Amino acid sequence: MDTLFIILVFVLAGLVKGVTGMGLPTVAVALLTLRMSPLEAAALLIVPSSITNVWQLSAGPALYPLWRRCRWLLLAVCVGTGCAPLLGAASWSGAVLGLALSGYGVLGLTGWRMQVAPRAERWAGPLAGAATGLMAGVTGVFVMPVAPYLQALNLDQDDLIQAMGMAFTVSTLALAAMLAARGQWHAAAAANSLLALIPAVAGMQLGQWLRGRMQPAVFRRCFFIALLALGVHQLATMFLY
């Protein structure tokens, strides 16, 4: 039953990424934590997340300019992820995950977008990167706050998707290094994560097929509603049971 559950989770997470260009680790961790801890879920998504994000990262012409613009943010992601174990957050990682999912769901549903002036990127980028790294190291989810930050830079659509692919790739590799240092990323975990790549890619292919046959705005709304519901469920589980 757990194997079938994991397969279905990665098919769904891949489908979301295929339609929207993001969401695989967020959806996967949100659903997997119904059966396991956030960092156990994070260990499963290392390979699918890395491969699909490199795929997304390589699908644009602006890799080097984006890297130069975001390099301090990416370095801060690594530093924040490495420092996350110092927080000793195992007991409240579920609550942090619930808040992150709920917050991301609310942001997506309201359509609110912050604005970052070019002169503010020197300090706002590292700050967003460090917060993202800490969040990833505690919950296994690395979409907050880096995704809203990148959206605030007013990049065109192709550059935004490529920048997210870059940020998510670095976040995944930093998370894998942190889990390995803690003994939670080992041969068995790597093998299971590699197997999870198969349903994730199948779901992603299905999502890309669906993208041309449905309204992306409707799908995104359903996606954010689902994240909000999962976040509220996670918080209720932590504080009411």
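From a predicted model like this one, the values you see are computed outputs, not experimental measurements.
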Quiz item: CG of Leu173 to OG of Ser50: how many Å apart, nearest 0.5 Å?
Solution: 5.0 Å
Self-check item: CG on Leu235 to CG on Leu230, rounded to 0.5 Å
Solution: 11.0 Å
Quiz item: Is there a path of hydrophobic side-chain contacts, each under 4.5 Å between heavy atoms of I, L, V, M, F, W or Y residues, that connects Leu109 with Val106?
Solution: yes
Quiz prompt | Close side-chain approach of Pro145 and Leu127, heavy atoms under 4.5 Å | solution = no
Exercise. Would you check if Met164 and Gln151 make a side-chain contact, meaning some heavy-atom pair closer than 4.5 Å?
Key: yes
Quiz item: What distance separates Thr139 OG1 from Met144 CE, expressed to the nearest 0.5 Å?
Solution: 10.5 Å
Quiz item: Is Leu12 reachable from Ile198 through a run of hydrophobic residues whose side-chain heavy atoms are each under 4.5 Å from the next?
Solution: no
Quiz prompt | Backbone of Arg68 reached by a side-chain donor or acceptor of Arg71 within 3.5 Å | solution = yes
Quiz item: Do Trp123 and Val77 belong to the same hydrophobic cluster, where Ile, Leu, Val, Met, Phe, Trp and Tyr are linked whenever their side-chain heavy atoms lie under 4.5 Å apart, directly or via other members?
Solution: no
Quiz prompt | Between CE on residue Met166 and CG on residue Asn53, distance to nearest 0.5 Å | solution = 11.5 Å
Self-check item: Distance, nearest 0.5 Å, that separates CZ of Arg69 from CG of Leu153
Solution: 5.0 Å
Exercise. Verify the cluster assignment for Val29 and Leu24: are they in a single hydrophobic cluster under the rule of side-chain heavy atoms below 4.5 Å apart?
Key: no
Quiz item: Sub-3.5 Å donor-acceptor pair from the side chain of Ser102 to the main-chain atoms of Gly98, do we have one?
Solution: yes
Quiz item: In Å, rounded to the nearest 0.5 Å, how long is the span from CG of Leu228 to CG of Leu101?
Solution: 9.5 Å
Practice problem: If the plane angle is over 60° it's perpendicular, under 30° parallel, otherwise tilted; pick one for Phe168 and Phe142. | Solution: tilted
Self-check item: Residue from Leu32, Leu195, Val27, Leu197 passing side-chain contact (heavy atoms from CB on, under 4.5 Å) with Phe10
Solution: Leu32
Quiz item: Going hydrophobic residue to hydrophobic residue with side-chain gaps under 4.5 angstrom, can you get from Leu63 over to Ile51?
Solution: yes
Quiz item: Got Met135 and Val143 here, is their nearest side-chain heavy-atom distance under 4.5 Å?
Solution: no
